[in-house]
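Working notes, beginning with the structure itself.
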Amino acid sequence: MSTEIIRAVCPHDCPDTCALLVTVKDGVALEVKGDPEHPTTAGVLCTKVSRYTERTYHKDRLLYPMKRVGNKGEGKFARIGWDEALDTVAARLKTIAARDPQAIVPYSYAGTMGLVQGESMSARFLHKLGASLLDRTICATAGGAGYTYTIGARIGTDLEQFQNAKLILIWGGNPIASNLHFWTRAQEAKRNGATLVAIDPYRSLTAEKCQQHIALLPGTDAALALGLMHVLVRDDLLDHDYIANYTFGFEQLKERVQQWSPQRVAQICGIAAQQIEQLAHLYGATAKRGEPVAIRTNYGLQRVHGGGMAVRNICCLPALVGAWRHAAGGIQLSSSDSFPRDSKALQRPDLMSAPQATRTINMSTIGDDLLREASPDFGPRIDALIVYNSNPVAIAPQSVKVAQGFAREDLFTVVLEHFQTDTADYADILLPATTQLEHVDAHSAYGHLYMMANNAAIAPLGEAKPNTEIFRLLAARMGFDDPCFADSDDAIAAVAFKRDDVRAIHFDWDALKQKGWQKLNMPAAPFAQGGFPTPSGKCEFFSARMQTDGYDPLPTYIAPYESAASSPELAVNYPLAMISPPARNFLNSSFVNVQSLRNTEGEPHLDIHPADAAARQIGADDMVRIFNERGSFVAKARVTDKARPGLVVGLSIWWKKLASDGKNANEVTSQRLTDMGRGPTFYDLLVQVEKVGAAA
């Protein structure tokens, strides 16, 4: 056989959604490279995905169906055939569904971002079954809500324009670790004379390479944005023409921000008032000169009580200074809503017999929900879980309760996986799924504007099957004979995008498979002349929708649940704020079991400021226990001023079974939800830290 180059797509939860070229010889994938012709990938991959063959051919890859033979959580399984596995699952689901199908709950997220393998055949199956719906909140729903109230949809600055900006605020993200191809553009802008400012409680790899770093307290970003608006209005660093023509509610906003002086904001954020003054003048004056100013805001800042409001407040800044006039100006949180995905064709919600009556489970509160009994408000007890594209025992908040729920002997759990993760250890039936190199998929992105096609590069290893095929087979076992359950993966991909939408003009699946990618038909500067997809058609400083939904209709500040200022009594025992941003060599909980990447990452560690370490007699490389009322975990201390005083940082997220104490940072996170979007509050918590062996 000759060597082939197959076009593929990175499936992981990252805004870059890279175009891949897979070298295949004699049916074996030898190498995965970035496509040099794809404008955003430009031939460059992160350290994780460049080793994708190592993951695909990993010695611990799940290749056969398994059934549990030990206690839940022990991870003891015996190999079985597909017929036995499918018959077992179908029989249990039929029994539970006969009582109440809503007792069956799916749990999935972005283990693959593919529109076919992610949520197509699985959604069809679950809709037909009548299972509970899942509110997929674990990542970005808070910020998405705040952004949408203000801008109208998750549409923003094109990634390919950022290198032309003269000022870039990198707010609440570490793109060197989690958005590499944006960082490439930001570096180019810097070489062209742009100023880069990082706004982050932690001096991350990215913050170290920016000209300025503002290390505010976690959960105070909304206040900082209000302080910036105060100075912009006070010192008339505004684009009055843009405000008059393309915004709504400026007079109310002007009155509101008078209350947020730099001195007041500085006290809340734990920074100097001068930093707020200087940043506002840098932002406003650069825009006044007619130069592009851009904001790349990421997901860290929204994982707190007021996370949705924080993103909303930041979204007001570009409209105040007219930044949207420039293709390289404005803001990007996500490009998700740029894509005309045809979710109805993919997921077939019409298969639900009673959609209005079907309950929805929030994936961020799965720990509590698995432990709930049936009630009129909650509905039936959860009797079955179908987990795919996710690892909730590792990634869901308040992990102690999550593990308790998964350990219920009366809970029937099916897990589709590549590896025996923390969650897989609790499965009753474990089913082997294909990786991205072994199946077909279609992709949108949330960091750029390209529709993408993934071709299968190799045949499935062992007896692994695509998610779609597993749910097709289960549908047949359940007696579901609707024609849509016979759709091939290519047929599903062919309806992934709406052909009649001008943004997806000329979309053709066969052609997309040949080229690998096609850019959406979008204007270079989406809001240069207004046209915001809000009810008013303008950027909404005042949002009537927010008022109707019970929120303050104007930008405001919502304090963290847990901080020295908002919960002083709690802070007596737990005085340190904690955040757990992504480790560079992992992607959520993916790649943690790839030995070469884990070797690079080392072991779980905690960054702590020298003053906080000295107060606790903690030295470099000491093992420490991080704890609060919810739980505890152990890590190795790194004494460093990268963590600001009063803050500890545990880069995450480790598989629990690969940590020395069998725990990770989610032992101490809570199931409280954000102000809007019902998202998780991973970075809104207080802890205490002590050297291991010290008295509790």
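If you read the sequence from its start, that first residue is 1, and numbering goes on from there.
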Is the closest side-chain donor-acceptor distance between His443 and Gln436 under 3.5 Å? yes

Between Tyr446 and Tyr299, how do the two ring planes meet: parallel, tilted or perpendicular, split at 30° and 60°? parallel

Plane angle bin for Tyr242 and Phe532 - parallel if under 30°, tilted between 30 and 60°, otherwise perpendicular: perpendicular

Write out all pairs satisfying ring pair (Phe, Tyr, Trp, His ring centres under 6.0 Å) with one or both partners inside residues 180-222, taking only residues at least two apart or from two chains. Phe162-Phe182

Side-chain donor-acceptor contact under 3.5 Å, Asn174 with Thr206: yes

For Pro553, is there any backbone N or O sitting under 3.5 Å from a side-chain donor or acceptor partner on Gln547? no

Measuring only between side-chain heavy atoms, which start at C-beta, is Tyr683 closer than 4.5 Å to Val649? no

Side chains of Leu554 and Phe542, heavy atoms from C-beta outward: is any pair under 4.5 Å? yes

Which salt bridge (charged side-chain N to carboxylate O under 4.0 Å, His left out) pairs, counting each pair once, include a residue from residues 176-194, with sequence neighbours left out? none

Are Arg264 and Trp260 in a cation-pi contact, defined as NZ or CZ under 6.0 Å from the six-membered ring centre and within 45° of the axis? yes

Counterpart residues, salt bridge (Lys or Arg N to Asp or Glu O under 4.0 Å), relative to Glu601 (two or more places apart): none

Is a side-chain donor-acceptor pair under 3.5 Å present for Asn298 with Trp171? no

Taken in chain and number order and not counting sequence neighbours, the residues that satisfy salt bridge (Lys or Arg N to Asp or Glu O under 4.0 Å) with Asp235 are none

Exercise: do Thr137 and Ser364 side chains pair donor with acceptor under 3.5 Å: yes

Using the test salt bridge (Lys or Arg N to Asp or Glu O under 4.0 Å), find all partners of Asp441 that sit at least two apart in sequence or belong to another chain. none

Are a donor atom and an acceptor atom from the side chains of Gln347 and Ser120 found within less than 3.5 Å of each other? no

Taking only residues two or more places apart in sequence, or in another chain, which ones meet Asp501 in a salt bridge (Lys or Arg N to Asp or Glu O under 4.0 Å)? Arg503

